2 protein chains.
Amino acid sequence: MANEGIHREWASRIRGHEESGNLVESVVEILDCAALCFTEMGFQGTSIDDVARRLGATKGRIYHYFRSKTDLFFEVHREGMTRLMDAVTAAIDAGGTGREKLQRMVEAHALTMMQNVAYEAVVVQGVHLHRLSATTPEQRVILNELMDVRHQFEQLFVQVFREGQADGSVRETADVSLAVKGILGAVNWMAIWYRPRPDERPETQEAMAHEVAELQIRGVT
Amino acid sequence: MANEGIHREWASRIRGHEESGNLVESVVEILDCAALCFTEMGFQGTSIDDVARRLGATKGRIYHYFRSKTDLFFEVHREGMTRLMDAVTAAIDAGGTGREKLQRMVEAHALTMMQNVAYEAVVVQGVHLHRLSATTPEQRVILNELMDVRHQFEQLFVQVFREGQADGSVRETADVSLAVKGILGAVNWMAIWYRPRPDERPETQEAMAHEVAELQIRGVT
DNA sequence: CGGATAACATACTACGCAGTATGTCGTAGG
DNA sequence: CCTACGACATACTGCGTAGTATGTTATCCG
């Protein structure tokens, strides 16, 4: 179960619940609803009561597990970022030329975006994390951690891009960072316009991810 | 002066001021500050007092010209959209093959984004306009109008894209709409990461815009 | 079988902020 | 010269909402 790893991660961070139980289900439910609310109405536009209402519960349940609205947002963001990271690193580990790896990375990125629109839309919002003015010193640590992961994520693409240039599979370009930002922009933008059709087939998503990746990669080869 | 046209536009919409004066300067100042605030802290994160403080004024001045915070946001959004539209349509009018036009459009789009980061960042935020729950019937009319312009903007790219496919200058692709969304995503994303260096030369911006456009166009040819 | 604790719900508070109502000052027009 | 109005500033209100404090119930452990 994918939840196992996630759970271990959480247990240490949430209200001092060090050991596991089936509290995980409850927390996951909260995170799912929060992700949906944040995606639909934005961070500031979402009230804790909104999330609670969607859960069919009250604030009490949420504040039982999360110190603040900001912490809740952080956790959703972290989860979304983790899923992205896992998908992309897996794509790297599959090996091949720089170009091949890069294309698989972009495709994995795109597919993950589509399969987790709610969480990833929150991640995209999170680019503006620094906007959060009401941050305790404690939160600021987490914030820096999150922004660091963001940066690492982008650097993964930069590294493989350079790798591809070194082995000749990727074209030389004026500014690698700019090229990568273009590619990531095209994919990240999906979180904004893409919403799954009620009856959407997995193959459709895969086809779209493949198409997006191919177009972007073609631009740099 | 570019302000002339803008002004005529406004006069009819703002607090019934039908005729001009130097009220325009004051309104432009407000819009500029509002754009900055919205860009930095988001719509919901920005208070009218924030904008006023940045102006070195008070709420009174803002509410003298704008009915509500939402209307203020709308006006900034409209201005940003207008600038984009103007730049892109000009690129179309320059003629050439579909591919040539498309590349100029993307380049113009990118350059406009960089030259008007504040306004365009608001436009990008505006993708989520539907989030605004507190909308009067009056505002909903404007909102539909804005979203309509958005759609038209995207359709411009789709049309020229097809034009390029017809004349053979653009490659056949599975889904034109998807391809366009990719390109627009790469450019729109600039509003999120790009911030002008204090001493940034215009040529630097032009070079970046050119680079981004070339990479994206190369993907579809 | 009692009491401790987890997992919530209910009730309440404090404050930020959008919007309004009213005041003030300068100026253009009669 | 006065008065009407535009261009703001000041002062105030009401509501939404984050966060807290305090129940309530079930369950597990000794």
Side-chain angles (χ1 to χ4, degrees), chain A residues 7 10-12 14-31 33-34 37-38 41-76 131-136 138-139, chain B residues 7 10-11 14-31 33-34 37-38 40-76 131-136 138-139:
Chain A
H7 167 227
W10 283 336
S12 59
I14 295 170
R15 289 281 182 186
H17 300 94
E18 292 297 341
E19 57 221 59
S20 63
N22 49 8
L23 94 160
V24 185
E25 301 165 20
S26 192
V27 171
V28 171
E29 253 185 310
I30 295 176
L31 288 175
C33 286
C37 287
F38 288 145
M41 309 184 297
F43 174 73
Q44 328 244 12
T46 301
S47 78
I48 294 289
D49 291 291
D50 288 333
V51 181
R53 199 173 310 130
R54 192 167 208 138
L55 276 166
T58 65
K59 312 168 72 139
R61 178 163 167 198
I62 297 173
Y63 278 104
H64 181 67
Y65 294 103
F66 298 92
R67 289 190 199 285
S68 69
K69 182 180 163 184
T70 303
D71 286 72
L72 177 56
F73 185 83
F74 281 170
E75 225 50 41
V76 174
R131 281 177 180 168
L132 303 182
S133 46
T135 39
T136 68
E138 247 185 349
Q139 291 176 346
Chain B
H7 166 228
W10 283 334
I14 295 169
R15 288 280 182 186
H17 300 94
E18 293 298 341
E19 57 222 59
S20 63
N22 49 6
L23 93 160
V24 185
E25 301 164 19
S26 192
V27 172
V28 171
E29 253 185 310
I30 295 175
L31 287 175
C33 286
C37 288
F38 288 144
E40 291 172 8
M41 310 184 297
F43 174 73
Q44 328 244 14
T46 301
S47 79
I48 294 289
D49 291 289
D50 288 332
V51 181
R53 199 174 309 130
R54 192 167 209 138
L55 275 166
T58 64
K59 310 166 74 137
R61 180 164 167 198
I62 297 174
Y63 278 104
H64 181 67
Y65 294 103
F66 299 91
R67 289 189 199 285
S68 69
K69 182 180 163 185
T70 303
D71 286 72
L72 176 58
F73 185 84
F74 282 170
E75 224 50 43
V76 174
R131 281 177 181 168
L132 303 182
S133 46
T135 39
T136 68
E138 248 185 348
Q139 291 176 346

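For the numbers below, each heavy atom of this structure counts, side chains included, while hydrogens, waters and symmetry mates do not. On a predicted model such as this, the values are computed, not experimentally measured, just so you know. Chain letters run A, B, ... following the sequence lines, proteins first, then strands; residues in each count from 1.
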Quick check: closest heavy atoms across A:Gln139 and A:Phe74, and the distance to 0.1 Å? O-CE1, 3.6 Å

Over how many whole Å does the gap from A:Ile30 atom CD1 to C:dA6 atom C1' extend? 14 Å

Note: A:Thr46 and A:Cys37 closest approach over all heavy atoms is OG1-O, 3.1 Å

Starting from C1' on D:dA18, measure out to CZ on A:Phe43 and report it in whole angstrom. 10 Å

Please tell me if B:Tyr65 has a side-chain N or O lying less than 4.0 Å from either OP1 or OP2 of D:dC8. yes

On a plain distance test, is the side chain of B:Lys69 in donor-acceptor contact with the base of C:dG19 below 3.5 Å? no

Report the distance from atom CD of A:Gln44 to atom P of D:dG16, rounded to the nearest whole Å. 18 Å

Grab the CD1-C1' distance between A:Ile62 and C:dT10 for me, whole Å please. 15 Å

Indicate whether OP1 or OP2 belonging to D:dC8 is found under 4.0 Å from a side-chain N or O atom of B:Ser26. yes

Check: A:Lys59 side chain, D:dA18 base, donor-acceptor under 3.5 Å: yes

Nucleotide C:dG19, atom C1' - distance to CG of B:Asp49 in whole Å: 11 Å

Quick one: do the B:Thr58 and B:Arg53 side chains pair a donor with an acceptor below 3.5 Å? no

Rounded to whole angstroms, how far apart are CE on B:Met41 and P on C:dG16? 15 Å

Where is the tightest heavy-atom contact between B:Phe66 and B:Ile30, given as atom of each residue plus distance? CE1-CG2, 3.8 Å

Separation of D:dA18 P from A:Gln139 CD (nearest whole Å): 14 Å

With a 4.0 Å cutoff (strictly under), does any side-chain N or O of B:His64 reach OP1 or OP2 of D:dA7? yes

Among the candidates D:dA9, C:dA11, C:dA6, find the nucleotide nearest to the side-chain atoms of B:Arg61. D:dA9

Identify whether any heavy atom of B:Thr58 sits under 4.0 Å from a base atom; if not, whether one sits that close to sugar-phosphate; answer base, sugar-phosphate or nothing. base

Shortest non-hydrogen contact from B:Lys59 to B:Ala52? N-CB, 3.8 Å

Could you state the CD1-P distance from B:Ile48 to D:dC8, rounded to the nearest angstrom? 15 Å

Nearest to side-chain heavy atoms of B:Tyr63, which nucleotide of C:dA18, D:dC8, D:dT20: C:dA18

